[in-house]
There are 2 protein chains.
Amino acid sequence: MYERKILPHLNCGLDLVGEVLYGKWKIRILWFIHEGHKRPSELLRKIPDVSRRVLNIQLKELEEHELVTRKIYAVMPPKVEYDLTEFGKTLIPIMHTIGLWGDEHQERLKRVILKQFQDNDANEA
Amino acid sequence: MYERKILPHLNCGLDLVGEVLYGKWKIRILWFIHEGHKRPSELLRKIPDVSRRVLNIQLKELEEHELVTRKIYAVMPPKVEYDLTEFGKTLIPIMHTIGLWGDEHQERLKRVILKQFQDNDANEA
DNA sequence: TCATATAGGGAGAAATTTATCCCTATTGTT
DNA sequence: AACAATAGGGATAAATTTCTCCCTATATGA
């Protein structure tokens, strides 16, 4: 496992939120768990771009940050279920607001994000 | 300048938001600009942990993403002012909600974040 | 017997982000 | 003359995150 060398800055609320929500897939993981897709295999199907490895790591971090719980069923094949903790549930309005903003401004966001790549392509040609 | 090699995933609103708000200092930069600290030197003083270099880069990205405008005054020494665009202003409620959550849960967040570092220290000792 | 589904870890590479150090330029101040 | 404040870029290093590939293990079904 990678071990951090630098202590994070924890000066304000935004620093703290960053520490637990930074991570390419974390908000989506939380959101899908909230929607009832609790098993790792389900999450993999819902988020096809994440690798199994990274999903595991981010789930473990979310668990360490007390945003989700992990319940292991003693069955074979293995079954694991994640749930939002009460603390994790307090994030639902935030995730909702963020997702909504992204959906509302979808066209514009796609345009400004892809702009850079088109510039790059033009330079390469 | 670093040039990205991999096209980002833009499957849902959350992907799009991530593309423009990912960046260690971006939300804080936007927030302080919103609060009226518009000049780079002011931002540096408000966010002492960010380096001048990284501030410049993230400001430029925010500008490319049409969240802020950059106004250059033809004076000496140089003067530059950033402002939120109308588009950027639509983020204010989100930034506000996120910061509030962080402040509300400050104690708990600090505890769960620092927990890992204490574990590491223990292992090293 | 062999493939599949389940859950997960280790090692190491690759990509990306952030930080550091050193430049340019101008005006005013000590 | 030397130095600070202003804004910003280039090169490069360091830190961090993400990805890829390859392992373990067990029960079920073909």
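Order of the sequence lines sets the chain letters (A, B, ...), proteins ahead of strands, with each chain counted from 1.
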key: Residue pairs passing the side chain to side chain donor-acceptor pair (under 3.5 Å) test where at least one lies in residues 37-48 of chain A, sequence neighbours excluded   = A:Lys38-A:Asp83

inquiry  = Is it the case that the side chains of A:Asp49 and B:His9 hold a donor-acceptor pair, with the cut-off being a distance below 3.5 Å and no angle test?
reply    = yes

ask   = Ignoring hydrogens and angles, does a donor from either the side chain of A:Arg53 or the base of C:dG10 sit under 3.5 Å from an acceptor on the other?
value = yes

query = From C:dT16, C:dA19, D:dA7, pick the nucleotide closest to the side chain of B:Pro78?
reply = D:dA7

message = Taking any heavy-atom pair under 4.0 Å as a contact, classify A:Arg52: base, sugar-phosphate, or nothing.
response = base

remark   = Whole-Å distance, A:Glu81 CD to C:dG8 P, equals 12 Å

request  = Could you work out which one of C:dA15, D:dA7, D:dT18 sits closest to the side chain of B:Tyr2?
outcome  = C:dA15

query = According to a strict under-4.0 Å criterion, is B:Lys5 in side-chain N/O contact with OP1 or OP2 of C:dA15?
reply = yes

task = For the pair A:Lys115 and B:Glu66, find out whether any cationic side-chain nitrogen is under 4.0 Å from an anionic carboxylate oxygen.
result = yes

message = Tell me the interatomic distance from A:Glu3, atom CD, to D:dT16, atom C1', rounded to whole angstroms.
response = 13 Å

query = Across the strands shown, which category fits B:Lys60 at heavy-atom distances under 4.0 angstrom: base, sugar-phosphate, nothing?
reply = sugar-phosphate

message = What is the separation between atom CZ on A:Arg4 and atom C1' on C:dT18, rounded to the nearest whole Å?
response = 12 Å

